[in-house]
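Order of the sequence lines sets the chain letters (A, B, ...), proteins ahead of strands, with each chain counted from 1.
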Protein chains: 2
Amino acid sequence: MGSATERRGIPDATVTRLPEYLRALTSLADTGVTSVSSEELATVVGVNSAKLRKDLSYLGSYGVRGVGYDVTHLSDQISSALGLTRDQAVAIIGMGNLGRALAAYNGFASRGVEVVALLDHDPAVIGSRIAGLTVEPVADLPRITSEREVTIAMLATPAGSAQEVADLVVAAGITAILNFAPTSLELPADVQVRKVDLATEVQILAFHAQQSRLGGLPAEPVLTEAVQ
Amino acid sequence: MGSATERRGIPDATVTRLPEYLRALTSLADTGVTSVSSEELATVVGVNSAKLRKDLSYLGSYGVRGVGYDVTHLSDQISSALGLTRDQAVAIIGMGNLGRALAAYNGFASRGVEVVALLDHDPAVIGSRIAGLTVEPVADLPRITSEREVTIAMLATPAGSAQEVADLVVAAGITAILNFAPTSLELPADVQVRKVDLATEVQILAFHAQQSRLGGLPAEPVLTEAVQ
DNA sequence: AATACTTTGTGCCTTCGTTCACAAGCCAGG
DNA sequence: CCTGGCTTGTGAACGAAGGCACAAAGTATT
């Protein structure tokens with residue numbers, strides 16, 4: 001992640017928080033708020049206000065001292081920094097349970113994400129319609145990618161075929177992958193991969209659950225740190 | 001007791017990686033491998049081998065110098081450290097697209113996660129069967145939690161009701177939540193929350209995709225003042 | 001038994017991220 | 001215009017995480 005060709009610009013940790021800020025700002029705007037202080041916004045998203053200000057400072061100085069930030073303007077700036085000036089065209093590959101759920105997920109549209117293609121390599125699935133789109137063969141990925149300007153692929157295949165499909169994705173010219181398959185992918189360094197592994201998340205929670213179960217003891221209160 | 005399970009203060013960053021190691025080890029065991037070096041395992045999961053060794057050292061010294069780690073034994077130790085000696089009983093709340101997909105996801109069983117309850121508060125959904133379970137009313141959560149020893153809740157409700165439901169979850173005695181709703185929750189400090197937000201993940205990738213698009217340029221990456 | 005070889009476990013240094021705390025800057029009111 | 005009250009933006013201290021490099025500790029070989 002932090003390795004290789006990282007432009008000395010916005011730190012990774014900050015980038016991962018920007019979407020949170022954006023969501024909170026959008027929510028505030030919906031309730032008619034036009035101006036917000038770092039303290040207020042920080043409370044909403046649950047972070048330290050100094051961290052929030054520093055994060056925003058990487059984008060430029062868009063706050064007004066003594067006043068706060070203009071909600072609309074800040075939203076625009078964050079959107080711009082994230083590259084959301086246009087919707088991101090996403091292809092979902094693997095139409096199992098998860099793939100279908102992703103295709104039908106209605107939380108994307110309002111946040112700059114548009115699903116433009118559904119792919120599978122099972123002939124029994126190809127051609128069926130899911131969430132308003134027709135499932136297409138994986139083999140068509142290169143054509144689809146260039147025609148619809150796909151920038152991001154969501155991999156929802158079984159673990160066994162994830163690497164193989166990921167190679168196809170990269171060959172098709174896509175450089176950003178959201179990997180839902182429970183396996184790690186070996187890909188060129190210039191391809192960005194983020195991983196969402198549900199069982200992993202549960203196991204991390206299991207650890208903390210165990211800690212708090214053992215934690216009530218009078219022994220050592222040494223580790224009462226908050227996570228994240 | 002005095003020997004093996006001496007896990008005092010495993011760093012968060014390590015905890016998040018342990019499930020990855022466990023998955024890789026399980027996969028290795030399935031292919032008949034009985035012993036593995038830190039270098040080999042590190043390659044499989046895509047991390048630095050020194051980091052891997054340091055991570056494992058927090059659990060204790062289970063490697064043999066000159067040889068490596070016994071796959072089965074190490075798996076057991078990690079499982080134990082994570083608190084996976086028993087399956088984690090999980091309740092999924094919110095039976096929309098995502099909740100259904102989670103309920104039907106077949107990647108849990110083999111990794112120590114058992115879905116023991118599906119909940120919703122829509123009477124039209126309650127009583128229907130999904131993935132072998134009957135959907136129950138959210139109001140029954142306290143009883144279900146104690147009867148089935150639920151330790152973790154997955155929140156797959158709309159953003160609007162997430163906080164409200166989370167409060168119920170906590171009131172029912174659950175202290176670990178995996179939040180799929182695109183909102184941040186305000187909860188007591190002793191409740192562990194992890195968040196999975198799909199749109200956020202895509203937006204993070206969008207940033208990196210944009211970076212590599214602009215990558216070759218010598219100019220400044222982020223200064224978008226002219227945009228209005 | 002002694003030497004050669006392999007791999008772990010970890011001390012130390014570097015890098016990255018977080019938090020504090022305060023000067024700088026802006027608005028409002030008199 | 002000046003004063004007082006807020007809030008931003010950031011230098012500096014602190015802390016967590018990452019990675020190098022090597023001594024320690026084992027196996028294999030002769």
Side-chain angles (χ1 to χ4, degrees), chain A residues 1-18 20-21 25 28 33-71 73-74 77-78 81 204 222-228, chain B residues 4 6-18 20-21 25 28 33-71 73-74 77-78 81 204 222-223 225:
Chain A
M1 254 172 276
S3 65
T5 56
E6 196 59 53
R7 282 198 140 280
R8 176 145 88 279
I10 307 178
D12 277 343
T14 294
V15 171
T16 64
R17 283 186 295 265
L18 289 180
E20 301 293 320
Y21 302 156
L25 286 166
L28 285 173
V33 177
T34 60
S35 177
V36 69
S37 73
S38 65
E39 192 63 41
E40 291 165 338
L41 185 53
T43 302
V44 172
V45 302
V47 304
N48 178 296
S49 69
K51 179 156 68 176
L52 170 58
R53 288 197 298 279
K54 189 159 280 189
D55 282 343
L56 296 182
S57 77
Y58 292 115
L59 313 183
S61 291
Y62 299 121
V64 179
R65 294 173 192 228
V67 177
Y69 300 85
D70 180 82
V71 171
H73 185 234
L74 187 54
Q77 292 303 331
I78 295 178
I204 294 168
V222 189
L223 273 183
T224 40
E225 288 301 307
V227 177
Q228 280 185 328
Chain B
E6 210 53 60
R7 59 188 98 91
R8 180 176 59 89
I10 305 178
D12 278 342
T14 294
V15 172
T16 64
R17 283 187 294 266
L18 289 179
E20 301 292 321
Y21 302 156
L25 286 166
L28 284 172
V33 177
T34 60
S35 177
V36 68
S37 72
S38 65
E39 192 64 41
E40 291 165 337
L41 185 55
T43 302
V44 172
V45 301
V47 304
N48 178 296
S49 69
K51 179 157 67 177
L52 169 57
R53 287 197 299 277
K54 191 165 283 187
D55 283 343
L56 297 182
S57 78
Y58 291 115
L59 313 184
S61 292
Y62 298 123
V64 179
R65 295 175 191 224
V67 177
Y69 299 86
D70 179 82
V71 170
H73 186 235
L74 187 54
Q77 292 303 330
I78 295 178
I204 294 168
V222 183
L223 263 188
E225 308 202 61

To the nearest Å, how far apart are A:E40 CD and D:dT7 P?
8 Å

What is the distance from CG of A:L52 to P of D:dG9, rounded to the nearest Å?
10 Å

Closer than 4.0 Å, any side-chain N/O of B:S61 to the OP1 or OP2 of C:dG9?
yes

Donor-acceptor pair, distance only, cut-off 3.5 Å: does the side chain of A:E40 make one with the backbone of A:S37?
yes

Atom CG of B:D70 and atom P of D:dT27: how far apart are they, to the nearest Å?
14 Å

Which nucleotide sits closest to the side chain of B:N48: D:dG19, D:dT7, C:dG9?
D:dG19

Phosphate oxygens OP1/OP2 of D:dT8: is one of them under 4.0 Å from a side-chain N or O of A:S38?
yes

Mind checking if A:A50 touches a base, just sugar-phosphate, or nothing, with heavy atoms under 4.0 Å?
base

Tell me whether the side-chain N or O atoms of B:K54 pair up with the base of D:dG19 as donor and acceptor below 3.5 Å, since no angle test is needed here.
yes

In whole angstroms, the gap separating P of D:dT8 from CG of A:L74 amounts to 11 Å

Closest approach of B:L52 and B:A42, non-hydrogen atoms and distance?
CD2-N, 3.5 Å

Counting only side-chain nitrogens and oxygens, does A:R17 get under 4.0 Å of the OP1 or OP2 atom of C:dT18?
yes

Find which nucleotide of DNA chain C each of A:P11 and A:R53 is nearest to by heavy atoms, and output the residue with the more 5' nucleotide.
A:P11

Between D:dT7 and A:R65, counting only base atoms on the nucleotide and side-chain atoms on the residue, is there a donor-acceptor pair under 3.5 Å?
no

Just compare D:dA17, C:dT10, C:dT19 and give me whichever is closest to any side-chain atom of A:K51.
C:dT19

Does either side chain, that of B:D55 or that of B:T14, offer a donor lying less than 3.5 Å from an acceptor on the other one?
yes

dist B:H73:NE2 -> B:T34:OG1 (nearest 0.5 Å) comes out at 14.0 Å

Given atom CD of B:E39 and atom P of C:dT8, what is their separation to the nearest angstrom?
8 Å

Separation of atom CG in A:D55 from atom P in D:dG9, rounded to whole Å
12 Å

Round to a whole Å and report the spacing from CG of A:D12 to P of C:dC16.
10 Å

Would you please confirm or rule out a distance under 4.0 Å between OP1 or OP2 of D:dG9 and any side-chain N or O of A:Y69?
yes

Counting C-beta onward and ignoring hydrogens, is there a side-chain heavy-atom pair between A:L56 and A:S38 closer than 4.5 Å?
no

Can you tell me if A:Y58 touches the phosphate of C:dG17, counting only side-chain N or O atoms and a distance under 4.0 Å to OP1 or OP2?
no

B:L59 CG to C:dG9 C1': how many Å, rounded?
13 Å

